Trainee: 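One structure follows; several queries about it will come next.
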Amino acid sequence: MTAPVTAPSPSPTESRATAPAIELKGISKSFGPVQANKDISIRVMPGTIHGIIGENGAGKSTLMSILYGFYKADAGEIFINGHKTEIPDSQAAIAAGIGMVFQHFKLVKNFTVLENIVLGAEEGRLLRPSLKKARGVLKQLAEEYELNVDPDALIEDLSVGHQQRVEILKALYRQADILILDEPTGVLTPAEADHLFRILNNLRAEGKTIILITHKLREIMEITDSVSVMRRGEMTDTVSTSGTNPEQLAEMMVGRKVLLRVDKTPANPGEKFLEIEGLRVVDDAGVERLKGIGLTIRAGEILGIAGVSGNGQSELLEVLGGMIPATSGTVRVRGEEIDITGKHSDGQSRRARGIAHVPEDRQHEGLIMDFHAWENICFGYHHDPKFQANRFLMDNEALRKDTEAKIERFDIRPPNCWTAAKNFSGGNQQKIVVAREIERNPDILLVGQPTRGVDIGAIEFIHKQIVALRDAGKAILLVSVELDEIMSLSDRIAVMFDGQIMGERLPADTNERELGLLMAGVTDAPTGAAPALEETIHG
Amino acid sequence: MDKMPAWADAILVPLISLLLAAILSALVIIGIGEDPIAAVKLMVSGALGSTYGWGYTLYYATNFIFTGLAVAVAFHASLFNIGGEGQATLGGLGVAIICLALPWPHWSLALLAAIGFSALFGAMWALIPAYLQAKRGSHIVITTIMFNFIAAALLNYVLVNVMRPVGSMDPASARFSEAVHIPTLHELLAPIGIEFSKAAPANVSLLVALLACFLVWLLIWRTRLGYQIRAFGKSESAAKYAGINPVRITVIAMLISGGLAGLMAINNVMGEAERLVLNATEGAGFIGIAVALMGRNHPFGILLAAILFGFLYQGGAELALWTSIPRELIVVIQALVILFTGALDNMVRIPLEKLFVRFRRSSAGGSSR
């Protein structure tokens, strides 16, 4: 039995003056044999923003689900404003003044903002009085906190940033004093994220308590007062934000020193490996997702596509990977045009041309979650003769050998080729996909969100693999919503907005502000980087 | 990290489900004033107590193996083929046509031809729903059910208007010739000195069914096609990523499924009736769904489940014959078995899983002390 890590107690004057808004004592929760939370204690003082940071699967979401009444803790106590509180369900959480903003919004898309806010908090059988009251409250909240949303707009017509505001308004309308936000900036542009932080600052100023769950160190440093680090279900430490730095937090999260910057030499671009011209995609609903994309990637360089998700990056990857047909346009691989519109444009034809693809969604695309690791290692390459024992049967023995070799080289854990894909952690699942695709030694590698939901330790490893492939003279197309990742990994950055390329920049000559503007579709951003770009390409 | 060892999932869960179904059935039998112990004894002796009983049990089981495999293959592609009944009906038509069309010199040649034709007819009957699903998105559950009705009506028409011998008042085809009579177990086992009931209908089709089990296992777990079928069945979006053509896999999986269901006809039409009659399938297509569910879509599980249902069929018939337990109640007992082993599977699995986890944790805690 190890002694539980105790949170540093707040300064004596503080604790005497006020009780903590939230205090968790010795919370434990396990799912079957997996212990998701182990003896966790936190105190969050009122009027502060408290960050909870940790890798995927560290138990952050479980802890918050316990606080919001979705799960019942196996052991431990919850105190709200100094009073011991039982939270058996979310109704009780709301009654205790807790509001939650989920990563995936829980809004009715074809309801108006007002209707969504009242939903579940109606007073009486008739809607009109509740709506009228809500309209008044909403106006007041909007003024107080910069939470402006048109109350009569339909949710489906709102941008993601505005939808998030509706979620916050929902919580405030239910008189929440404690607000929990789960990865709130994952879907926002940098400008929207800035606005969100202003709102959070306003809320803090009004005495609200905010818990921010995130895996982004920058956000923790920017806005929180104190931060708790979780690792493998345990609370590693709680520190005040002003007394720490990103490197230290990363080390606490992973348990060892981590390189936060990508270590790479300048690119040495060669011949044109992938040329895209006038690429258009109209989806089944008749919406034009790609509006004439033109890009060139050379051997030995990484082209990063920045953009808020949903602006056509997924479609770009899917067309290039053969998952969906293009409507028109040309794509040349090493100078030879490939079929992108026809019947025979599929994943198999792409692989035959030396295009490998680490898809954005490894759980629904890159892997069959119920398959063993060894069954996943040939996924997409199952026609390769080296995996066939004879004309009829597959060579499962060869597959398992191949898997074991990859497990060894990529340090995949647990090192067992009989483990089902779903039972690996996110990082190890991604390693399986990356191992499979990179070991094919492709000419062109398409990579979508390579580190989404991947722990920091594995991020470092995956980035290294991508850079190594670049150094081997291959062309890499990287799509990521993490601007940090794009900035640090790319040799060139193209920004996508609304199915178009808004511009190309060199990482050295641009900054987050400029990229953020381009991501939001503002084209009159300073174009000082353009000449430099021309120079590098021709020089 | 698996929550329960595989053997418990594969063996313990169905056994407990079966036990629950048996207990409930016993209560029902007590409720109508009969003795459940005597009923079980009668069922066991009737179905398994003699080679005659075994002959019937295995005959039914052969039907269920084919239809169970049919459901399982489609299910691996995530397609719920409810149309085994119709496909088996069409398979019967194929067998009757080929058996009556040519003067067969020997049963073995006729059997090979019948295997080909029954599978072909069954597969073709599955092709249309498969195509509609793959190309038009018409749900295969709906279309295969409808095709059952169409098959029944078609058989009715063909028997009355086309295949009925002149002068016959029976809506059935002419009797097949002696030459296409395939050996029963009695005839097969007699040369090696085993006395098997002469009257029981179990026949050489059983061996074909066992071969089919093996081939399906090979297909699903050892071939590239099976790999693609399983991948498509588990995740259509991932299949798309890998370049597996969904239309192709849907159609192929349904062709194989329909072919297997059609194959049942070599047992009931060629092996037993030796002519084509109305309602020849007797619901075996539907029992196949329960068999596949209980057998976890694995050929070996399907074999065991098919024998169990064969036992219930034959034992149930004996009950109806010798006790005052009405025929309908036997259907109730069969339904209870299906309900518990198929639909209420999680009712047993989840508590059992919890029990295992608790047991493991307490034993792990004990060892660390």
Side-chain angles (χ1 to χ4, degrees), chain A residues 1 30-35 317-318 321-324 343-352 357-371 375-376 378-385 387-396 399 414 418-424 433 436 448, chain B residues 1-6 9 75-78 135 137 214-249 296-297 349-365 368-369:
Chain A
M1 280 310 242
S30 49
F31 299 99
V34 183
Q35 182 129 32
L317 280 180
E318 284 170 11
M323 294 167 70
I324 56 172
K343 225 179 150 182
H344 299 290
S345 160
D346 63 8
Q348 288 301 322
S349 70
R350 296 299 194 278
R351 286 176 178 88
H357 182 188
V358 176
E360 290 188 301
D361 186 342
R362 62 177 164 271
Q363 304 203 336
H364 297 106
E365 293 169 354
L367 295 168
I368 303 280
M369 298 305 273
D370 288 331
F371 275 15
E375 287 174 302
N376 271 303
C378 67
F379 192 53
Y381 301 101
H382 47 273
H383 288 278
D384 190 331
F387 297 138
Q388 312 297 321
N390 54 44
R391 259 188 74 195
F392 302 102
L393 303 184
M394 292 186 83
D395 191 347
N396 291 351
L399 277 174
W418 284 99
T419 305
K422 63 181 171 194
N423 293 328
F424 286 97
V433 179
R436 182 180 71 208
Chain B
M1 215 171 289
D2 287 319
K3 290 184 168 178
M4 194 160 56
D9 186 52
F75 201 81
H76 278 291
S78 190
K135 283 283 191 188
F214 175 69
L215 289 178
V216 166
W217 174 80
L218 216 55
L219 167 76
I220 296 293
W221 278 284
R222 286 291 180 275
T223 68
R224 186 167 63 209
L225 177 62
Y227 179 84
Q228 294 181 64
I229 287 177
R230 284 186 297 131
F232 172 76
K234 293 286 186 198
S235 169
E236 197 174 337
S237 51
K240 213 181 211 177
Y241 157 81
I244 296 170
N245 186 338
V247 173
R248 187 170 162 267
I249 295 298
R296 297 275 183 279
N297 294 308
R349 172 172 293 122
I350 290 167
L352 200 66
E353 233 165 37
K354 281 193 180 148
L355 210 69
F356 261 97
V357 167
R358 189 171 305 167
F359 176 73
R360 193 173 297 168
R361 194 170 312 140
S362 68
S363 67
S368 73
R369 240 168 253 154

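Below, chain A is the first sequence line, B the second, and so on; all start at residue 1. Everything numeric in this text was worked out from a predicted model, so none of it was measured.
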Trainee: Counting only non-hydrogen atoms closer than 4.5 Å, does B/Gln228 touch chain A with its backbone (N, CA, C, O), its side chain (CB onward), both, or neither?
Mentor: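 For B/Gln228, side-chain heavy atoms alone lie under 4.5 Å from chain A.
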Trainee: Looking at every non-hydrogen atom in both residues, tell me the closest pair between A/Phe379 and B/Ala231 and how far apart they are.
Mentor: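 Taking A/Phe379 first and B/Ala231 second, the nearest heavy atoms are CE1-CB, 3.7 Å.
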Trainee: Under the 3.5 angstrom rule, does the side chain of B/Tyr227 hit a backbone N or O of A/Glu375 as a donor-acceptor pair?
Mentor: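 Yes, the answer is positive, given that a donor and an acceptor are paired below the 3.5 Å cut-off.
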Trainee: A/His383 versus B/Arg224: any side-chain heavy-atom pair under 4.5 Å?
Mentor: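 The answer is yes, as the side chains (C-beta and beyond) meet within the 4.5 Å cut-off.
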Trainee: Sort A/Arg391 into side chain, backbone, both or neither according to what part of it lies under 4.5 angstrom from a heavy atom of chain B.
Mentor: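 Neither part.
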Trainee: Rounded to the nearest 0.5 Å, how far does NZ of B/Lys234 lie from CG of A/Asp370?
Mentor: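 Interatomic distance, A/Asp370 CG to B/Lys234 NZ, rounded to 0.5 Å: 4.0 Å.
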Trainee: Looking at A/Phe392, is its backbone amide N or carbonyl O close enough to the side chain of B/Thr223 to form a donor-acceptor pair, meaning the two atoms are under 3.5 Å apart?
Mentor: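 It does not hold such a pair.
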Trainee: In terms of heavy-atom pairs under 4.5 Å with chain B, which of A/Tyr381, A/Phe387, A/Phe371 leads?
Mentor: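 Ranked by heavy-atom pairs under 4.5 Å with chain B, first place is A/Phe371.
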Trainee: Please name the pair of heavy atoms, one in B/Ser235 and one in A/His364, separated by the smallest distance, quoted to 0.1 Å.
Mentor: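 That would be OG-O, 3.2 Å.
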Trainee: Between B/Tyr241 and A/Asp361, is there a donor-acceptor pair closer than 3.5 Å when you use the side chain of the first and the backbone of the second?
Mentor: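 The answer is no, because no donor-acceptor pair under 3.5 Å joins these two groups.
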Trainee: At a heavy-atom separation under 4.5 Å, does B/Leu225 approach chain A through its side chain, its backbone, both, or neither?
Mentor: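 Contact with chain A is absent: no heavy atom of B/Leu225 under 4.5 Å.
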Trainee: Can you tell me which portion of A/Arg351 sits under 4.5 Å from chain B's heavy atoms? Options are side chain, backbone, both or neither.
Mentor: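 Looking at A/Arg351, just its side chain touches chain B.
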Trainee: Mind listing the closest non-hydrogen atom pair of A/His382 and B/Ala242 along with its distance?
Mentor: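 Closest heavy-atom pair between A/His382 and B/Ala242: CE1-O, 4.2 Å.
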Trainee: Report the option among A/Pro414, A/Ala389, A/Pro359, A/Gly322 that has the most heavy-atom pairs separated by less than 4.5 Å from atoms of chain B.
Mentor: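 Top count of heavy-atom pairs under 4.5 Å with chain B: A/Pro359.
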Trainee: To the nearest 0.5 Å, how far apart are CD1 in A/Ile368 and CZ in B/Phe232?
Mentor: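 The distance works out to 10.5 Å.
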